[in-house]
Amino acid sequence: MTILGISAFYHDSAAALIVDGKIVAAAQEERFTRKKQDASFPVNAVRFCLDFANIKLENIDSIAFYDKPLLKFERLLETYYAFAPSGFVSFHKAVPVWLREKLFHKREIRNGLAEISDSKEAKKIPIRFPDHHLSHAASAFYPSPFEDSAIVTIDGVGEWSTASIGKGSGKNIEMLATMNFPHSVGLLYSAFTYYLGFEVNKGEYKMMGLAPYGDPEGERTAKYVKLITETLVTIYDDGSIWLDQQYFNYATGLRMAKDDKWEKVFGLKKRDPKDEMLSEHCDMALAIQQVTEDIFLKMAATAKEKTGCKNICLAGGVALNSVANGKLIDSELFDEVYIQPAAGDAGGAVGAALAAYHIFAEKERTTIRPDAMSGALLGSGYSDQEIESALNSKGIAFSKAKTEDELAGRVSNLIVEANVIGWFQGRMEFGPRALGCRSIIADARNPEMQKKVNLKIKFRESFRPFAPILLEEDLQRYFDVKLPSPYMLQVHKWKDEWHNPLPENYTGLPWLEKLDIVRSEFASVAHVDMSGRIQTVSKKSNPKMHLLLSKMKEKTGHGLTINTSFNVNNEPIVCSPEDAINGFLNTEMDVLAIGSYIALKSEQ
């Protein structure tokens with residue numbers, strides 16, 4: 001049985017292909033169109049999935065779309081009615097689009113698929129519409145290694161639901177509790193993203209990276225937490241929340257928050273993206289991060305109470321908050337925690353297809369360890385012949401390594417010599433993180449690397465942290481954590497032995513001064529609060545990266561490097577060899593290691 005999963009029309013459009021319950025291929029449309037978070041119908045991603053599996057569209061048994069458009073339209077109309085007469089401008093903009101396009105998703109899906117095949121058989125393929133949070137829940141539980149598990153999904157909003165608690169058992173998922181719009185943890189977090197001058201649905205991870213620059217012991221941070229919890233949001237013991245809508249504008253407006261009211265509450269103007277970042281902004285980011293973690297942990301505890309399960313699965317955009325994930329794991333509330341690596345809407349394509357297979361078609365489920373996501377390496381891959389052709393067409397000077405051992409040896413030497421490497425190997429990752437196949441890597445011991453890679457290669461804010469990628473077998477050497485982190489979705493503190501002495505007033509220093517202090521032997525991947533967003537690599541999950549890190553360990557004593565996505569600011573992660581070559585040529589990247597080939601910038 002073959003099922004095509006699709007998410008589209010809002011943001012992070014994607015496609016996934018399930019064959020007899022196995023996730024064969026999955027990719028986001030943005031990687032092919034080069035439009036960040038592309039919302040259009042994922043015709044390129046669908047075509048890739050079918051081509052990879054050598055399956056024609058006509059041979060697909062069913063299609064699953066990741067939410068219910070009619071139910072979402074109902075929420076839209078009821079919300080405008082409840083808030084009337086306010087929101088007319090937004091209503092006037094939104095409803096015609098719905099009546100013209102979004103309300104008729106089945107037609108739009110058929111039209112999109114017609115670009116691939118216009119045959120009569122393709123037009124007859126049945127389309128399923130599992131609801132949004134069921135798709136999220138299915139994306140986490142079915143690939144997990146657990147026979148039964150609590151499931152928590154948290155995001156902005158699906159149809160009505162903004163968070164849900166469920167229980168997975170065998171092939172079944174039972175939804176036990178939901179929280180409904182307009183009360184939403186994701187939208188609360190996004191409102192602060194907006195107020196701090198970042199783009200909603202794109203800048204939340206920037207705000208999470210900014211939060212550690214706030215003062216955790218400062219009076220201002222504590223004041224902001226108090227104002228948030230006493231003015232904007234009521235948090236109940238079970239993790240449910242109530243947002244006071246007089247301070248928010250997302251329900252029917254064109255902005256997330258009511259700027260004038262927030263300014264009165266916090267005594268701080270909304271930050272324009274061009275404005276200087278102040279310590280006040282860092283403290284505000286830290287405050288909302290702390291509030292989010294509190295809600296997140298309360299929801300998890302409720303899930304444990306309702307399900308009685310030892311394990312938990314997480315999905316939804318808020319499950320990408322790796323700091324909160326780390327706090328949950330450190331709490332030891334659950335024996336094991338599994339997080340869908342594409343936890344946002346893109347992962348809904350996988351979840352919708354799996355829900356169609358296990359729930360609608362009632363097919364049995366087999367669990368495997370570590371999971372059924374194949375390390376999230378589900379995207380396109382390229383042969384050496386295709387790569388060499390691309391290099392020659394661009395006039396790139398290169399040399400070829402005869403073996404993988406030679407490639408890893410040469411690249412590790414270049415890293416030790418303070419070069420920044422574009423690393424393009426194997427199949428592309430599915431989800432927002434580069435996991436060692438479409439990555440930029442560099443020496444984590446070099447204190448200058450954070451600024452160099454941010455400003456000269458990624459063209460982004462200097463405060464943005466980098467993740468350490470390390471050998472799974474060495475995890476406990478650096479971090480006091482038991483569970484591996486293959487998908488870069490956990491933040492934990494480095495062990496004390498890797499801390500450098502800090503000034504007595506360190507937490508209260510102006511935020512940019514913290515960035516200049518060498519906090520650790522691994523300064524480029526030890527964040528200002530001495531945490532790291534860990535990615536562990538096993539020999540099974542990514543043998544080429546494991547070999548490279550092993551070579552680094554032979555040369556330096558440490559099997560770890562910087563890992564960040566191979567892209568520049570506001571562009572998707574590279575997909576094709578041509579994308580990688582353009583990234584190499586248009587930045588101050590020193591080396592491109594692509595397939596068996598090595599190109600040096602100095603030789604171009």
Side-chain angles (χ1 to χ4, degrees), residues 9-12 37 39 67 69 71-98 102 132-133 136 153-164 178-208 227-229 231-235 240-266 268-273 284-285 287-289 291-292 295-296 316-318 320-321 344-345:
F9 307 129
Y10 299 98
H11 53 85
D12 295 311
Q37 293 185 301
D67 71 8
L71 199 56
K72 188 168 281 191
F73 188 57
E74 174 193 278
R75 186 252 300 168
L76 190 80
L77 292 180
E78 287 198 23
T79 301
Y80 281 121
Y81 179 76
F83 283 85
S86 67
F88 178 77
V89 173
S90 174
F91 176 86
H92 185 67
K93 287 189 173 187
V95 171
V97 175
W98 270 88
K102 292 183 177 181
H132 188 92
H133 275 259
H136 275 322
T153 68
I154 317 171
D155 64 5
V157 61
E159 295 89 1
W160 277 103
S161 297
T162 62
S164 69
T178 62
M179 186 166 71
N180 287 340
F181 184 86
H183 310 294
S184 165
V185 184
L187 292 175
L188 173 65
Y189 202 83
S190 291
F192 278 87
T193 302
Y194 157 83
Y195 203 71
L196 288 171
F198 301 119
E199 192 173 349
V200 172
N201 286 330
K202 292 183 180 180
E204 283 77 5
Y205 60 94
K206 294 183 184 182
M207 191 169 73
M208 184 175 63
L227 289 170
I228 293 167
T229 55
T231 308
L232 303 184
V233 56
T234 302
I235 304 170
S240 62
I241 65 170
W242 183 86
L243 297 179
D244 189 339
Q245 290 302 301
Q246 69 171 306
Y247 295 99
F248 297 92
N249 207 35
Y250 57 75
T252 58
L254 301 174
R255 295 174 298 165
M256 290 301 298
K258 295 179 179 175
D259 299 359
D260 54 343
K261 292 198 172 189
W262 279 48
E263 187 177 337
K264 285 180 183 176
V265 170
F266 295 106
L268 183 68
K269 283 188 175 182
K270 179 189 178 300
R271 178 180 169 269
D272 186 272
M284 181 175 278
I288 188 56
Q289 177 64 35
V291 170
T292 302
I295 298 167
F296 188 82
V318 178
L320 294 171
N321 192 309
D345 278 9

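For the numbers below, each heavy atom of this structure counts, side chains included, while hydrogens, waters and symmetry mates do not. Quick note: residue numbers are just sequence positions, from 1. Model, not experiment: these values are computed from the prediction.
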For Leu243 and Tyr250, run side-chain contact (heavy atoms from CB on, under 4.5 Å): C-alpha distance rounded to whole Å, both residues' side-chain angles, the deciding distance at 0.1 Å, then the answer.
CA-CA 12 Å; Leu243 297 179; Tyr250 57 75; 3.2 Å; yes
Non-hydrogen side-chain atoms of [X] and [Y] separated by less than 4.5 Å:
{"X": "Ile235", "Y": "Val291", "value": "yes"}
{"X": "Asp244", "Y": "Thr231", "value": "no"}
{"X": "Tyr189", "Y": "Val318", "value": "no"}
{"X": "Leu232", "Y": "Phe192", "value": "yes"}
{"X": "Glu204", "Y": "Leu320", "value": "no"}
{"X": "Met284", "Y": "Leu196", "value": "yes"}
{"X": "Tyr10", "Y": "Asp67", "value": "yes"}
{"X": "Pro69", "Y": "Leu71", "value": "no"}

Taking [X] for its side chain and [Y] for its backbone only, find out whether a donor-acceptor pair lies under 3.5 Å.
{"X": "Glu159", "Y": "His132", "value": "yes"}
{"X": "Thr162", "Y": "Pro182", "value": "no"}
{"X": "Thr153", "Y": "Gly316", "value": "no"}
{"X": "Gln37", "Y": "Asn201", "value": "yes"}

Let me see the working for Tyr247 and Val233 under side-chain contact (heavy atoms from CB on, under 4.5 Å), right down to the final yes or no.
CA-CA 10 Å; Tyr247 295 99; Val233 56; over 6 Å; no
Closest non-hydrogen atom pair between [X] and [Y], with its separation:
{"X": "Gly197", "Y": "Pro273", "result": "O-CG, 3.4 Å"}
{"X": "His133", "Y": "Gly158", "result": "NE2-N, 4.2 Å"}
{"X": "Phe248", "Y": "Ala191", "result": "CE2-CB, 3.9 Å"}
{"X": "Met256", "Y": "Ser190", "result": "CE-CB, 3.9 Å"}
{"X": "Ser184", "Y": "Ile241", "result": "C-CD1, 3.7 Å"}
{"X": "Gln245", "Y": "Ala251", "result": "OE1-CB, 4.1 Å"}

To the closest 0.5 Å, what do you measure between [atom1] ([X]) and [atom2] ([Y])?
{"X": "Asp345", "Y": "Phe9", "atom1": "CG", "atom2": "CZ", "result": "13.0 Å"}
{"X": "Lys270", "Y": "Asp260", "atom1": "NZ", "atom2": "CG", "result": "13.0 Å"}
{"X": "Lys202", "Y": "His11", "atom1": "NZ", "atom2": "NE2", "result": "10.5 Å"}
{"X": "Met207", "Y": "Thr193", "atom1": "CE", "atom2": "OG1", "result": "3.5 Å"}
{"X": "Trp160", "Y": "Thr178", "atom1": "CH2", "atom2": "OG1", "result": "11.5 Å"}
{"X": "Asp155", "Y": "Ser164", "atom1": "CG", "atom2": "OG", "result": "8.5 Å"}

Going by the angle between their ring planes, with limits at 30° and 60°, are Tyr195 and Trp262 parallel, tilted or perpendicular?
tilted
Can Ile154 and His136 be said to form a side-chain contact (heavy atoms from CB on, under 4.5 Å), step by step?
CA-CA 9 Å; Ile154 317 171; His136 275 322; over 6 Å; no
Under the side-chain contact (heavy atoms from CB on, under 4.5 Å) criterion, do Val185 and Met179 qualify, and how do the steps go?
CA-CA 10 Å; Val185 184; Met179 186 166 71; 4.1 Å; yes
Would you say the side-chain atoms of Asn321 and Gln289 include a donor-acceptor pair closer than 3.5 Å?
yes
